[in-house]
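Take a look at the structure set out below.
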Number of protein chains: 2
Amino acid sequence: MNLKSLAEALGLSQTTVSRALNGYPEVSEATRKRVEEAAVRFGYRPNSRAKGLATGRAMLIGQVIPTSTQHEMVNPVFGDFVAGASQNLAQHGYDMLLTRVPGDDEGKVYREFRARGAVDGVIIQAPDVKDDRIALLNRIGLPFIVHGRSTGVTEPYSWVDVNNTQAFRRATEFLLQLGHRRIALINGLERMDFAFRRRKGYIQALENAGLSADPQLMCTDEMTEQFGYMKTRRMLAFEDPPTAFLCASMISAVGIRRALQEAQLVMGRDVSVIIHDDDLSYLRNGEEIPIFTATRSSVRHAGEVLADALMQLISDPDHPPINQLLEAQLVVGSSTGPAPLKAARLPS
Amino acid sequence: MNLKSLAEALGLSQTTVSRALNGYPEVSEATRKRVEEAAVRFGYRPNSRAKGLATGRAMLIGQVIPTSTQHEMVNPVFGDFVAGASQNLAQHGYDMLLTRVPGDDEGKVYREFRARGAVDGVIIQAPDVKDDRIALLNRIGLPFIVHGRSTGVTEPYSWVDVNNTQAFRRATEFLLQLGHRRIALINGLERMDFAFRRRKGYIQALENAGLSADPQLMCTDEMTEQFGYMKTRRMLAFEDPPTAFLCASMISAVGIRRALQEAQLVMGRDVSVIIHDDDLSYLRNGEEIPIFTATRSSVRHAGEVLADALMQLISDPDHPPINQLLEAQLVVGSSTGPAPLKAARLPS
DNA sequence: TTGAAAGCGGTACCAT
DNA sequence: ATGGTACCGCTTTCAA
């Protein structure tokens with residue numbers, strides 16, 4: 001059923017039917033009723049491509065699937081982000097177009113998007129420090145918004161980010177308060193802006209406390225389970241091992257837990273662990289105090305916020321860049337809900 | 001730059017240019033060269049919607065984002081599946097269209113897809129036992145393929161699935177071989193077909209060994225960390241607690257590990273854990289033998305296989321249903337690679 | 001081998 | 001308030 005046959009069935013012109021269905025004011029209420037009813041009855045839905053061709057809009061937002069380069073694995077929270085984003089895009093009639101890039105020529109995809117008119121805007125994930133996608137997109141004039149920021153990029157662009165620096169500063173401060181002095185940082189690839197910022201927060205907290213970061217306790221790599229496991233194992237073997245861990249990925253966190261579990265059993269070692277992204281938990285004498293950032297839901301939330309911002313940018317081409325810094329949640333309590341911070345101190 | 005202006009710039013008709021670019025044989029090699037070169041030079045790319053309107057194909061595969069109903073969280077391997085699928089779709093010029101359904105009227109989305117001609121086919125995720133989406137899609141005639149199967153559906157349909165029954169039967173057998181008799185099953189929602197099948201495999205293995213499953217050791221719920229944690233805690237408190245755990249989600253596995261870590265510290269308890277999806281690991285006296293199914297990469301692989309199958313279905317409307325059962329990987333070794341199975345026996 | 005022109009299914013301008 | 005029609009950018013039949 002297309003517009004033509006619907007119009008014929010109603011004995012009206014395509015123009016009128018189209019107007020009635022799209023809420024134009026010049027249609028009489030009587031005909032509008034009649035048309036809408038018939039549309040439902042016949043199950044008429046306008047063809048997406050025809051509509052897009054006529055209006056010049058794709059009603060699609062593009063996104064390149066972000067895989068960590070080597071292992072080609074996708075960040076497990078990607079699904080949550082996408083769920084949040086597409087939920088709010090849907091409210092504006094938009095869907096999400098996912099593409100995968102063979103090599104590292106992501107720029108080619110954006111040029112294609114633009115040239116083919118395949119999408120009305122794009123979402124950029126996991127920007128690097130000095131990410132060059134931003135300049136490209138600004139240049140080709142494809143509306144976009146970055147999930148995260150890119151240190152070193154001076155030209156204006158829209159972004160929605162979580163305050164990673166603050167989150168890690170606070171988490172480190174919390175551990176320091178508890179008496180920890182040897183705090184390990186299991187970080188992601190620091191060419192990625194968010195990892196870069198997390199380290200910054202960690203170092204800030206240490207320096208504010210008059211301590212300097214021990215290079216031996218900081219490591220950076222792709223966030224695999226293996227990475228978390230190996231690094232933790234190695235660090236626990238130091239003569240002055242860390243008493244707490246700060247980590248930024250639920251995947252690596254599994255590895256850390258595995259290593260700790262092993263260490264406790266083998267060495268009877270009593271260690272604390274603090275984990276960012278999904279849950280931060282502090283373990284002391286077998287009593288666990290979960291501190292969590294509930295990142296899966298906050299990533300989802302970021303997706304929602306970002307989608308709304310992008311819709312604004314698209315509806316108004318002259319809209320100034322939107323920059324939105326989301327407060328990092330850092331709640332101490334059980335994973336069923338926040339609770340007051342318990343200051344469990346490290347025994348001297 | 002569109003076809004018209006490209007044709008004008010070349011002093012050729014749109015027809016010829018179109019033909020040259022689409023590899024029609026009747027174009028002279030000389031003009032084809034000339035056209036292709038000019039297309040590159042001008043950065044010409046055919047408009048997606050115009051092309052789609054003319055050809056009647058959307059070059060898009062639809063997919064509804066699968067969220068577990070209550071918590072609205074997305075399975076963390078979703079990204080890996082999508083990466084695999086869209087990689088192979090891209091080889092055929094297809095992209096993926098993601099939609100989120102507000103309520104539970106997923107059927108409405110598929111009708112829309114069909115009526116609007118928004119996609120050429122769809123991928124169905126996480127089918128329930130007796131999933132009714134299958135009948136609907138068969139009825140409305142939208143090509144589709146299911147990632148997983150649906151026990152109880154008799155009409156033919158295409159699917160790509162992993163042998164979950166076998167995987168869990170084998171894992172259970174392995175634990176039995178090692179001397180375990182009290183094996184816990186931390187399962188997903190058993191209305192979902194894959195969870196249903198996993199329990200089947202678990203029970204099969206027990207019965208083959210002349211044992212019957214203890215209802216106390218089987219639980220099923222949404223795969224949250226909390227779920228894994230709480231159930232493990234509870235089961236460890238039994239007077240005859242499990243000595244091994246079989247789990248089907250990396251998220252719940254974190255909870256299980258957390259509970260075990262705690263238990264070891266508090267109770268000095270020595271437990272084994274076996275985890276499906278991402279890693280199966282066996283822990284004994286502090287010596288860990290990882291047994292893993294590498295599910296993140298195998299889910300990715302499933303996405304690739306499924307995409308290829310769907311491309312076949314779409315290119316040939318009369319193609320009979322494609323059913324492909326992927327062997328579940330069950331490898332014993334380190335997480336860097338497979339190694340021979342070590343039969344670490346439980347002390348009697 | 002090349003070109004003219006009729007769709008594909010809508011929207012929107014200009015009349016009436 | 002309603003209708004006629006050009007047009008969006010491409011493919012494809014038919015004619016030359």
Side-chain angles (χ1 to χ4, degrees), chain A residues 1-39 42-60 93 95 112-120 315, chain B residues 1-36 38-39 42-60 93-95 112-120 315:
Chain A
M1 171 62 72
N2 56 17
L3 189 61
K4 191 176 175 188
S5 38
L6 180 61
E8 279 168 1
L10 280 160
L12 286 167
S13 72
Q14 292 189 33
T15 312
T16 305
V17 176
S18 172
R19 278 198 279 237
L21 258 23
N22 289 301
Y24 281 65
E26 62 256 39
V27 183
S28 79
E29 271 317 304
T31 33
R32 166 160 295 139
K33 269 258 145 52
R34 210 159 65 86
V35 171
E36 280 172 347
E37 194 189 288
F42 289 110
Y44 167 78
R45 304 263 60 202
N47 180 288
S48 307
R49 298 184 302 284
K51 188 160 188 162
L53 185 57
T55 57
R57 288 183 310 165
M59 303 308 280
L60 248 31
D95 283 319
E112 283 249 335
F113 275 165
R114 181 72 167 130
R116 309 185 62 125
V119 301
D120 298 333
S315 60
Chain B
M1 173 60 72
N2 57 18
L3 189 62
K4 191 177 175 186
S5 37
L6 180 61
E8 279 168 2
L10 280 161
L12 286 168
S13 72
Q14 291 190 34
T15 313
T16 304
V17 176
S18 172
R19 278 197 279 236
L21 259 22
N22 289 300
Y24 281 64
E26 62 257 39
V27 183
S28 78
E29 271 316 305
T31 34
R32 165 160 296 139
K33 269 258 144 51
R34 209 158 66 86
V35 171
E36 280 173 347
F42 290 110
Y44 168 77
R45 304 262 60 202
N47 181 288
S48 307
R49 299 184 302 283
K51 188 159 188 162
L53 186 56
T55 57
R57 288 183 310 165
M59 303 308 281
L60 247 31
Y94 272 83
D95 282 319
E112 283 251 334
F113 275 165
R114 180 71 167 132
R116 310 184 63 123
V119 301
D120 298 334
S315 60

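Convention: sequence-line order gives letters A, B, ...; per-chain numbering from 1.
- Axis angle across the helix from dT1(C)-dA16(D) to dT16(C)-dA1(D), with five pairs used at each end and values rounded to 10°: 40°.
- Scored by the side chain to side chain donor-acceptor pair (under 3.5 Å) test, Ser315(A) finds no partners at all (sequence neighbours excluded).
- The nucleotide range of DNA chain D contacted by chain A, defined by atoms under 4.0 angstrom from heavy atoms of the protein and reported 5' to 3', is dA1(D) to dG9(D).
- Nearest heavy-atom pair, Tyr44(A) versus Leu3(A), reported as atom, atom and distance to 0.1 Å: CE1-N, 3.4 Å.
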Please tabulate, for the side chains in residues 8-16 of chain B, all donor-acceptor contacts under 3.5 angstrom to protein atoms that are two or more places apart in sequence or on a different chain.
residue: Ser13(B); atom: OG; partner: Thr15(B); partner atom: N; Å: 3.4
residue: Ser13(B); atom: OG; partner: Thr16(B); partner atom: N; Å: 3.2
residue: Ser13(B); atom: OG; partner: Thr16(B); partner atom: OG1; Å: 3.1

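- Residues meeting the side-chain contact (heavy atoms from CB on, under 4.5 Å) test with Glu26(B), sequence neighbours left out: Arg19(B), Tyr24(B).
- The two residues Ala58(B) and Gly117(B) have their closest heavy-atom pair at CB-O, 3.7 Å.
- Considering all non-hydrogen atoms of both residues, Leu6(A) and Met1(A) come closest at N-SD, 3.5 Å.
- Here Ser13(B) reaches the OP1 or OP2 of dG3(C): one of its side-chain N or O atoms lies under 4.0 Å away.
- Residue pairs that meet the salt bridge (charged side-chain N to carboxylate O under 4.0 Å, His left out) test with at least one member in residues 45-54 of chain A, sequence neighbours left out, are Arg45(A)-Glu112(B).
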remark   = Scoring nucleotides 8-16 of chain C by protein non-hydrogen atoms under 4.0 Å (B base, S sugar-phosphate only, - none) yields BBBBBBB--
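- In this structure Arg32(A) satisfies the side chain to side chain donor-acceptor pair (under 3.5 Å) test together with Glu29(A), sequence neighbours excluded.
- Under the side chain to side chain donor-acceptor pair (under 3.5 Å) criterion, Asn47(B) pairs with no residue at all, not counting sequence neighbours.
- Residues passing the side-chain contact (heavy atoms from CB on, under 4.5 Å) test with Ser28(B), sequence neighbours excluded: Ala30(B), Thr31(B).
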